[in-house]
Amino acid sequence: MDKVRVRFAPSPTGTLHIGSARTALYNYLFARHHQGTFVLRIEDTDVKRSRREYEESIVRDLHWLGLSADEGPDAGGDHGPYRQSERGQLYEDGVQRLLETGHAYHCFCTQERLDRLKEEQLARGEMPKYDRLCLGIPPEVVAERLAAGEEATVRFKVPAGDWPFRDLIHGPISFSAEVIGDFIIKRTDGGYAYNYAVVIDDAGMKITHVIRGEDHITNTARQLMLYEALGENAPEYGHHSLIHGADGGKLSKRHGATSIGEFRDMGYLAPAVVNYLALLSWSSGDEREKFTLEELVEAFDMSRVSKSPAIFDIDKLNWLNGLYIRELPVEELAELIRPYLHEAGIELAEAQRPVVTAALQANLVILEDAPEFAQLFVEEMDPAESAPADKLRSPGVAAVMQIMHEARAARKAEFLSLDEGHELMKEVGARAKEQGLKGKAVFMPLRVALTGRESGPELFYLVSGLPRGRILERVQSARRVAESAG
RNA sequence: GCCCCCAUCGUCUAGUGGCCUAGGACAUCGCCCUUUCAAGGCGACGGCGGGGAUUCGAAUUCCCCUGGGGGCACCA
């Protein structure tokens, strides 16, 4: 086999969508697995909707995912240009070639006539297709009308017959030319149609395998015809299924976040997103669920990509994200959550940061949730006024508070290390025990006193990560509640 | 309407004629661990869309039906 060359060809009319990202991933994995080349091509023939800033954001998102291209507008390469808007001459050369060889012809039909034609055919229950009215116009007449400045499109003359191909994922698929009308390859505005431009580009860029979404499956026949008319070798095709929303419909905005950027902003980690996307429609065959990009490259195989559509399941993504968060080094997690805390107005002290980060690491699903967990380390709170204040009115609570107060007061540092926190709690536990207090009777009141809540991180995190002054205040307040209860 | 694709637990999937009393993961539920909540460990619940056919034997092959998705543009 020739050296594998695949491409990801987004149109810059929006940001990188979760579905497109999966297409990019499959292309990337296929290329890397076969030591091939991954090309990025920008399909910006739709001048009205394409924007350079979208191209930039797509490149940025791909990079974030770790799927940077080997060749592309940003990376360069020997098969450029990599933007369709810069490939006009190549398209024009091809059109002339098809015109000269009789594979294409000028069409002067108006939009009105085409609309009417389609309407009639639909009413008769036929598949709408161009009726070849302009194919019969003599060449000299065509030349005259063109010279007179009449608007025209160029249509491809669809060759009859069956157009079978072997799809990398689906196996044999065949289309009859019967159902395909002569399609436009060059528009009146001088632009070139997608199905045509793609062929010129894939041929010119020596693409060997086209891996794309199933929505392109019916385009394949048209493209195969074009390859033959152009005298070029067609690549192999693989069409993966589309991602659906929880209701079974096409994934859209109303299903929540759909763009890679949104997931990044919420605090999903790139390796988790990549891992999840790979698992949608693909499985390794063994029972592994967790893969790094490198492991995916190693294990990826097109024949193991599922044919059926997959429903986007945020629960599983969340699970994977939590997995990746839990294995992050604390310092790294601390840096990652910093912007989210800042956004929420939470600035942790240097000595406090590792403690708070470690405390929330086990619970965090997405980075965005960090402030909610960190909140109790920075908020103003008086246990006497907290909801579970009743928990402070049990016998022995005053004594427990006294012990905690002494223990913490004896340590002068504003914050403690986790080791010191552990040690402090051991001391408190031991001293309480001497007074016949233990278990829930000592720890639940302490929790309520320190946080005003009945659940949360382990106590050693709290005594380490809460400021000394606050601990002393709260313990005093809790003690007053206990004593007033008699 | 016409063409194409798809069909295993709620979800993602393993399964390519006998290893299937259908395996794993997420979710759910329960138990354990734990001074709380999580995390973690263990376990439970739960599925081959329907009907024919081929075969000694079908989740696996073929046909029909049903259901879902995609396409049928001077969008990509």
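Numbered from 1 within each chain, the chains take letters A, B, ... in sequence-line order.
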* Using a 4.0 Å heavy-atom cut-off, write out nucleotides 30-42 of chain B from 5' to 3' as B (base contacted by protein), S (sugar-phosphate only) or - (no contact). => -----BBBBSS--

* Structure fact -> Protein heavy-atom contacts under 4.0 Å, written 5' to 3' over nucleotides 65-76 of chain B as B (base), S (sugar-phosphate only) or - (none), form the string ----SBBBSBSB

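Remark: the separation of the C1' atoms in rG17(B) and rU61(B) is 8 Å, to the nearest Å. Separation of the C1' atoms belonging to rG51(B) and rA14(B) is 27 Å when rounded to the nearest angstrom. Distance noted for atom C1' between rA22(B) and rA59(B): 8 Å (whole Å). When the P atom is used for both rG49(B) and rU60(B), the distance is 8 Å, rounded to whole Å. Distance noted for atom P between rC9(B) and rG47(B): 9 Å (whole Å). Between rG24(B) and rC62(B), the two P atoms lie 29 Å apart (nearest whole Å). Between the P atoms of rG68(B) and rA58(B), the separation comes to 30 Å (whole Å).
Between R393(A) and D390(A), at least one side-chain nitrogen of the basic residue sits less than 4.0 Å from a carboxylate oxygen of the acidic one, meeting the salt-bridge criterion. A salt bridge links K391(A) to E454(A): at least one charged side-chain nitrogen sits closer than 4.0 Å to a carboxylate oxygen.
No engagement by T13(A) is indicated, since no non-hydrogen atom pair under 4.0 Å with the nucleic acid exists. Within the 4.0 angstrom heavy-atom criterion, no nucleotide atom of any strand lies near R212(A).
Atom CG of D315(A) is separated from atom C1' of rA27(B) by 5 Å (rounded to the nearest Å). At whole-Å resolution of the value, CG in D301(A) and P in rU13(B) are 16 Å apart. Regarding I169(A), its CD1 atom lies at a distance of 20 Å from the P atom of rU16(B), rounded to whole Å. Taking atom NZ of residue K307(A) and atom C1' of nucleotide rC4(B), one finds them 14 Å apart after rounding to whole Å.
Using cut-offs of 30° and 60° on the angle between ring planes, the pair H239(A) and Y237(A) is parallel. Taking the six-membered ring where the residue is Trp, F165(A) and F175(A) present parallel rings, their angle staying beneath 30° rather than reaching 60°. Classified by interplanar angle (parallel below 30°, tilted 30° to 60°, perpendicular above 60°), the ring pair Y26(A)/H240(A) is perpendicular.
Separation of atoms CG (D182(A)) and OG1 (T153(A)) is listed at 10.5 Å; rounding is to 0.5 Å.
Aromatic pair F300(A)/H33(A): centroids not less than 6.0 angstrom apart. The aromatic ring centroids of Y276(A) and F291(A) lie 6.0 Å or more from each other.
The environment of CD in Q435(A) is crowded: more than 12 heavy-atom neighbours from other residues, nucleotides or ligands sit within 6.0 Å.
Nearest nucleotide to the side chain of E287(A), out of rG24(B), rU11(B), rU13(B): rG24(B).
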